[in-house]
Structures are given as C-alpha cells and as structure tokens.
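Please read the structure below before turning to the comments.
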There are 2 protein chains.
Amino acid sequence: MVKKTGRPGYLQIADELREQIRSGSIAPGEPLPSTAQLAETFGASLSVVKMSVGLLRNEGLVVGQQGKGVFVREDAPPADDIRAELTALRAAVADLTRRLEQLEESASQRIATS
Amino acid sequence: MVKKTGRPGYLQIADELREQIRSGSIAPGEPLPSTAQLAETFGASLSVVKMSVGLLRNEGLVVGQQGKGVFVREDAPPADDIRAELTALRAAVADLTRRLEQLEESASQRIATS
DNA sequence: GTTGCCAACATAGTTAACCTAGTTGGCTTG
DNA sequence: CAAGCCAACTAGGTTAACTATGTTGGCAAC
C-alpha cells in the first residue's frame, strides 16, 4: 500500500488515516483498525503503523484506550474566542500545577518520615 | 534528567526542548544539540531523543537538515501560535492528570492500610 | 596548491524485540 | 450457576540495530 514516492511510509499512512477520518469513512467515536490489522492492510511493519497512530494521537485527532483501541475524537471545534479560552486555560493549568506541587511535596515528606 | 512521573520520556524531553525554544534559550536559527549529545544530557537513549525531535519537527517548531543538524525555525514565533500553545496545554493537562492520579492512588492506599 | 578520497559525524527512516498494562471472553473449578 | 483464573488481544513505551544520505575536515596523491 505504501508507495516509494520519497514521502516516508509513516507519513503516508498518517495521511491516509487522516483522510479517512476527515471524509467520515471512520466516524467519530468509532475505532481505527487495530495496529496489527493496519500493518497488514498497508503492507507495513508494526513499527511504522505505531508511529503513524502516534502522530494522529499527538495531533488530537484520535484518542487511544489501552486494551481497547484507538478512537476518533467526537469533539466539535468550539471556535468562539479561542485566544481568551487559551488564556483562561493557561491560568488554570498554572494554578493546578502550583497546588499539585505542594501536594506532592507534603506527600513525599510524609513518606520520608514514616 | 527524565523523571519517572508517569509521563513518557520522549514527551518530557520534547517539553523541555519546547520550553528552551520558547524561552529563547535556543534562539531561532540556532541548532539543537546533536542527537547523541541530547541523549547524554537527558540520560536517555538515542531512540527516545529521536522521537522527541521528530515531534518538534512534526509541530514545525524546528527543521532538520540531513548531515548538519536540527535548527529552530526563524519564522513563526510559537508564542502566538495557537496550535503549539494547544499542544503544550494538552501536554500540561495530561501531565497534571497523571500526577494527580498517582497521588490519589497512594492516598487511598494510605487510608486503606491505616 | 589543488584535487580527490575518506573517515567521522549528522539527520532520517525502518524494523524488530522486549516490556508494561488494560480488556475481553471462555473455560475451569468450587 | 457463579467466581475466578487465564489466554489472546489491545495500546503504549523503550531500546537497539541497520540502512540511507548529507556535511565537513583532514590527509594523501598528484
């Protein structure tokens, strides 16, 4: 399935999967074929398929569930004021990080003194 | 250098490099340390470093030149780049989630055995 | 001095092996 | 029948080995 066009195989497979998702050929909420199945249908090794799926995962197009499969995200793009939302999220993450670090600190102390 | 926080090493290294680029510690147009050097400074294998650099390459933060090195993109200041910001935030949330789950796990064990 | 070769180093891609861990379904045992 | 174990499948992470290819600097030969 992968052609020797100079474009690396793991990108070709990622492209193809992206296209199948975009076209609805694999609908939101539905699972991709398993890694082994993809490897067979694309005539590629397990390694390159895992790289391809990892790309889509990194892009947020799909989410993986260990033991079950890799599923197409159901999400819809909110598209209101994205920048404001980003600012709010940044603040929230910073706050959570600070609080979590405090928790971890006290937890490690409790373990050390027990 | 990579910590055992549950967050995979190749993401930790990618985060760190992203931060060094964002902060200007590695300026646009400058090369990243070589794969071998990164592997040594992070105490990781060549493979995970290659995965990390591959991520940044995929995100468009850096461009690789075979035989020379991997260079920080001159254009596209990632501070305004919503995609990069989203990626970073997603990464941060995932990291926080894992750490929190770890804390909750140890907390429930402590309660159960007390 | 210049040319050309060559070794060392660089990114990039592919494959394979091994490990962890979650899910599921069937079978065995009580 | 019900409980629990176990085998087979799943994703995910790590490492190593090999190949291809590009760059650079030094050295030898002419």
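In this text, all values refer to a predicted model and were calculated from it rather than measured experimentally. Below, read A as the first sequence line, B as the second, and so on, with proteins coming before strands; counting in each chain starts at 1.
Residues Ser45(A) and Lys68(A) each lie close to DNA chain C; by heavy-atom proximity, the contact nearer the 5' end of the strand is made by Ser45(A).
A sub-4.0 Å separation between OP1 or OP2 of dA10(C) and a side-chain N or O of Ser34(B) is present. Distances shorter than 4.0 Å separate some side-chain N or O of Arg57(A) from OP1 or OP2 on dG13(D). The side chain of Ser47(A) places no N or O atom within less than 4.0 Å of a non-bridging phosphate oxygen (OP1 or OP2) of dT15(C). For the pair Tyr10(A) and dG13(C), the criterion of a side-chain N or O lying under 4.0 Å from OP1 or OP2 is met.
Between the P atom of dT14(D) and the CG atom of Leu46(B) lies a distance of 14 Å, rounded to the nearest Å. Met51(B) has its CE atom 14 Å from the P atom of dA16(D), to the nearest Å. With rounding to whole Å, Asn58(B) atom CG is found 16 Å from dT11(C) atom C1'. In this structure, Phe71(B) places its CZ atom 10 Å from P of dA12(C), rounding to the nearest Å. Rounded to an integer number of Å, the gap from Gln66(A) CD to dT24(C) P is 13 Å. Between the C1' atom of dG13(D) and the NZ atom of Lys50(B) lies a distance of 16 Å, rounded to the nearest Å. Atom pair Leu32(B):CG and dA10(C):P shows a separation of 13 Å (rounding to whole Å applied). Summarising the geometry, the separation between CD on Gln37(B) and P on dC9(C) is reported as 11 Å, rounded to the nearest angstrom.
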Given the rule in the side chain to side chain contact (heavy atoms under 4.5 Å, CB included) test, do Met51(B) and Leu11(B) qualify, once you have shown the distances and angles that lead to the verdict?
-> CA-CA 9 Å; Met51(B) 290 177 69; Leu11(B) 288 182; over 6 Å; no
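Atom CD of Glu40(A) has 12 or fewer neighbouring heavy atoms from other residues, nucleotides or ligands inside a 6.0 Å radius. The environment of Glu30(B) atom CD is dense: over 12 non-hydrogen atoms of other residues, nucleotides or ligands sit within 6.0 angstrom.
Within the 4.0 angstrom heavy-atom criterion, only backbone atoms of the sugar-phosphate kind lie near Gly9(B); the bases stay farther away.
Atom CD1 in Ile13(A) sits 7.5 Å away from atom CG in Leu38(A) (nearest 0.5 Å).
If you check the side chains of Glu16(A) and Gln12(A), you find no donor sitting under 3.5 Å from an acceptor.
Taking the side chain of Val48(A) as heavy atoms from C-beta on, and the options dA11(D), dT15(C), dT23(D), the nearest nucleotide is dT15(C).
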